[in-house]
Every structure is written in C-alpha cells, then in structure tokens.
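In what follows, a structure is listed as structure tokens, so that the remarks can point back to it.
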Number of protein chains: 2
Amino acid sequence: MTTADTSVRRQIINTADRLFYKQGYNLTGINQIIEEAGVAKASLYYHFPSKEDLCVAYLKLRGEKWSAMLAKYIEGVSDPREAIIKCFECRSKYLLQNDFSGCSYIRIIAEMPQRSAKINRQAILNKEKQRLFFIEQVSKLKKNSSTVNDLANTIFLLFDGATVQCQVYRELSPIENALKALKLIL
Amino acid sequence: MTTADTSVRRQIINTADRLFYKQGYNLTGINQIIEEAGVAKASLYYHFPSKEDLCVAYLKLRGEKWSAMLAKYIEGVSDPREAIIKCFECRSKYLLQNDFSGCSYIRIIAEMPQRSAKINRQAILNKEKQRLFFIEQVSKLKKNSSTVNDLANTIFLLFDGATVQCQVYRELSPIENALKALKLIL
DNA sequence: GTCTATATTGTGATAGAC
DNA sequence: GTCTATCACAATATAGAC
C-alpha cells in the first residue's frame, strides 16, 4: 500500500461504497458522503483527488467484495457444474442483501456514457474477472476447448441478463429462469 | 392526444430523447435541453410539469421507436425462429446506430434506484412489451405450452445480457455470442 | 492529515410580462 | 403558449489555519 489506510480513509470509502451502490453515483454528492462518514471535505480530497478517483476505489472494493463472497460460497465445491449454479445462487443472495441494486460495474457505465479512462478500465477489469470464473469452471467440465469459450459466454450472458432483470423487476424470478436454462445447457 | 403536439413540444421531447439517451438522464440538465432545443425554460415547464414527466415521455418515445424499428425489420418474416434471430440482429443495428448506449429502460432504472412510480411503471411496461414479443414467437414455435414461457424467458435473458454487455464492452461480440446460443436452443 | 470557510458553477423550478 | 429574469439550493473543488 502506498497510501496509508487511516480510519478516515476507511470511513470515506465505506460510506461512498454504500451510498454509490444504493443511490447511484451521480445522485450521491460529496457533501452527503462526508456528512455520513463524519469527516471534513478537505479530508476526502486529501485521500481522493477527485470524485472520479473515489469512483475507481469504489469499483475496486465492490469487485473484491463480490470475489470474497463467491469464494466463500463455493468453498469446498469441486464439481464445476455445481460451482456455476452456486454462483447464480450467490448472485441471488447478493441482490437480496443489497436491495436489488444490480451490478455496480454495469450501473456505473450506464450512468456515465462518457466514461473516463480510469473508470472504464476498472469496470472492464471487474467484468472480465467474472467472465474468467465461468471460463475456468467450463474448462473443467469440457475437454473440447473449442466449445469452452462459447459455453462460458452463454453462461455469462445469462448471468448479466438475470442480474439486470432482477434489478428492473425487483424480484428474483429472473435468476430462477437463468437456473432453469443452466440446467438444460450444462 | 389531450396535449397539443406543437412544434415547440416536439423540439423539446426530441432533444430530451437524444440527450437523455446519449449522456444519461442525471447528467443532462434542463438548461442544456432548452438551449439545444432552442426554446425557453418556461416553455418546457408548460408542456412538462417536471423533469420526471419529461422522463416518462422519453421512455414512451424510446419504446415506440424500438417497436417501429423491430416491426420494420421483421416485416414479412413468418418463421418465428427467424423472427427471433432478426430481433437480435435488429438490436445489433440499434446499438451500433446509438453509440452502444444500451437499453434506455434499464439505464433509467440503473440511474434512479429510488424510482418514482410513474417512471417505474413506464419502464416495466416497455420491458414487458419486449418479453411479450418473445413469448408470441415461441408460442408459434412450440405446441407444448408448459415450455413456452421458459424458453421465451431464456431468450429474454440472452437479449438483455447481450444488450448490457455490448454497452459495457462497446462492441457487438456479445450479440454474436447470444446468436450462437440461440441457434443451439431454438 | 484533518479541519473550517469559501469559491464557482450548475441545478430544477417559478413569476410575471406579452 | 412562449418569453426573460430570477429564485433557492446543491454540486465539485480549493485555500489556508492548525
């Protein structure tokens, strides 16, 4: 770590994470973040040069949280087919815990069409990590490498489709639909 | 029409439609809309009581534009399997024409987690119209009505998954992936 | 490193003339 | 129905004391 992980910094990023994800990035002002974090405005700008940089840190944190949650959820699972299904069930739990706020990476991009290079890089990085998980699991499942990517991409499409539809409809049935589809194609 | 379709009103809604979709709803101010539309601020508020009402009109217009584009694209197509594939190809064309701005209904919901009742209603209405299209096509394809909804929902998941992934990656390959999957399951 | 106070610009919305 | 002028407030960001 090049930057000190002070308690103030932690307070800021945790509050930003909560508010950005719950209310949306553009609807969350710096003022609300410092107020709820209990820190001064200049302290925020000491740790994060701009709101954009805070956004990158937010995306990074979201990625780490999801990876940790998924890892814990599939701990000890050796069957790749079961791991994939558990990943969707984990998503269901995640959305339920987070008031159906959807995928933070997709939402940031949806909010900022003129995305900055920094934000774009982090969002894509996070999404590619998700795709990689499916590729790894499918690789264990299939020997024929030519169909591995195709199957993994299909699963990835179902994953994102279910995530956004759950967000739109505020219910878990799209995940159920995705699980039904999964059991047919796996 | 209860409201007169004056040229000023048309200018406002057309400009709002273009800017909301290109820049995002929250990043587009009333000031920019009236400036680019070439009308006065009070004129906008004469035709639309609030920005929220303008948003509902925007969603409605987007829905009509997509329906019209799709109808034209599948004109004369009787085979339901071909109609579904053409729908995805139409999506590809739509995203390419619109700078990969994704689905306007999903984006509005992604931008406003605390969505108003009016906006929520219109967004869901538009999404349900998309689902209905797939249900209709699959109904022509399958006789067994118990599997119709499942298959249509799977296609709908692929449709939304491909749309958001194209938006994120700014490329059409997710639609290609969805088409590959479609050809396997149809 | 953290604070208070301030600068500057933009936001959605309205009053009142014509 | 359309306009100009203005309201009250919130936005991101910075200066300078401690």
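Proteins come first, then strands; the chains are lettered A, B, ... in the order of their sequence lines, and each starts at number 1.
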With sequence neighbours left out, what residues match E36(B) under side chain to side chain donor-acceptor pair (under 3.5 Å)?
R18(B), Q32(B)
Tell me which residues in residues 12-29 of chain A put a heavy atom below 4.0 Å from DNA chain D, sorted by number, or none.
T28(A), G29(A)
By side chain to side chain contact (heavy atoms under 4.5 Å, CB included), which residues pair with K86(A), not counting sequence neighbours?
Y73(A), I74(A), V77(A), E82(A), E89(A)
Between I34(B) (CD1) and dA5(D) (P), how many Å, whole number?
13 Å
Atom-to-atom span, CD of E35(A) to P of dA11(D) - whole angstrom:
10 Å
Rounded to whole Å, how long is the line connecting atom CD of Q11(A) with atom P of dG1(C)?
17 Å
Measure from NZ or CZ of R62(B) to the centre of the six-membered ring of Y105(B), then state whether that distance is under 6.0 Å and the direction lies within 45° of the axis.
no
Exercise answer: donor-acceptor pairs, residues 145-168 of chain B side-chain atoms, under 3.5 Å, sequence neighbours excluded:
residue: S146(B); atom: OG; partner: N144(B); partner atom: OD1; Å: 2.9
residue: T147(B); atom: OG1; partner: N144(B); partner atom: O; Å: 3.1
residue: D150(B); atom: OD1; partner: K180(A); partner atom: NZ; Å: 3.2
residue: N153(B); atom: OD1; partner: R131(B); partner atom: NH1; Å: 2.7
residue: N153(B); atom: ND2; partner: N149(B); partner atom: O; Å: 3.2
residue: T154(B); atom: OG1; partner: D150(B); partner atom: O; Å: 3.0
residue: D160(B); atom: OD1; partner: K127(B); partner atom: NZ; Å: 3.1
residue: D160(B); atom: OD2; partner: Q165(A); partner atom: NE2; Å: 2.8
residue: T163(B); atom: OG1; partner: R91(B); partner atom: NE; Å: 3.1
residue: T163(B); atom: OG1; partner: F159(B); partner atom: O; Å: 2.8
residue: Q165(B); atom: NE2; partner: F156(A); partner atom: O; Å: 3.3
residue: Q165(B); atom: NE2; partner: D160(A); partner atom: OD2; Å: 2.8

May I ask you to evaluate whether Y46(B) reaches the phosphate of dG1(D), defined as a side-chain N or O under 4.0 Å from OP1 or OP2?
yes
Send over the distance from L54(A) CG to dA11(D) P, rounded to a whole Å.
14 Å
Side chain to side chain contact (heavy atoms under 4.5 Å, CB included) involving R81(A) - partner list, sequence neighbours excluded:
D79(A), I85(A), L141(A), K183(A), L186(A)
Below 4.0 angstrom from OP1 or OP2 of dG1(D), is there any side-chain N or O of S43(B)?
no
Identify, with sequence neighbours excluded, every residue that meets side chain to side chain contact (heavy atoms under 4.5 Å, CB included) alongside S67(A).
K129(A)
Taken in chain and number order and not counting sequence neighbours, the residues that satisfy ring-ring contact (aromatic ring centres under 6.0 Å, His included) with Y94(A) are W66(A)
With the sugar-phosphate defined as primed atoms, P, OP1 and OP2, and the base as all remaining atoms, what B/S/- string results for nucleotides 13-18 of chain D, 5' to 3', for protein heavy atoms under 4.0 Å?
BBB---
Would you say E128(A) has more than 12 foreign heavy atoms packed within less than 6.0 Å of its CD?
yes
To the nearest angstrom, the CZ-C1' distance between R10(B) and dG1(D) comes to 15 Å
Non-neighbouring partners of E52(A) that pass side chain to side chain contact (heavy atoms under 4.5 Å, CB included), sequence neighbours left out
S50(A), S116(A), K118(A), I119(A)
dC9(D) C1' sits how many Å from Q32(A) CD, rounded?
15 Å
Can you name the residues that form a ring-ring contact (aromatic ring centres under 6.0 Å, His included) with F20(B), not counting sequence neighbours?
Y25(B), Y58(B)
Can you give the donor-acceptor pairs under 3.5 Å from side chains of residues 39-46 of chain A to other protein atoms, not counting sequence neighbours?
residue: K41(A); atom: NZ; partner: N31(A); partner atom: OD1; Å: 2.6

Under a 4.0 Å heavy-atom cut-off, which of residues 110-119 of chain A touch DNA chain C?
none
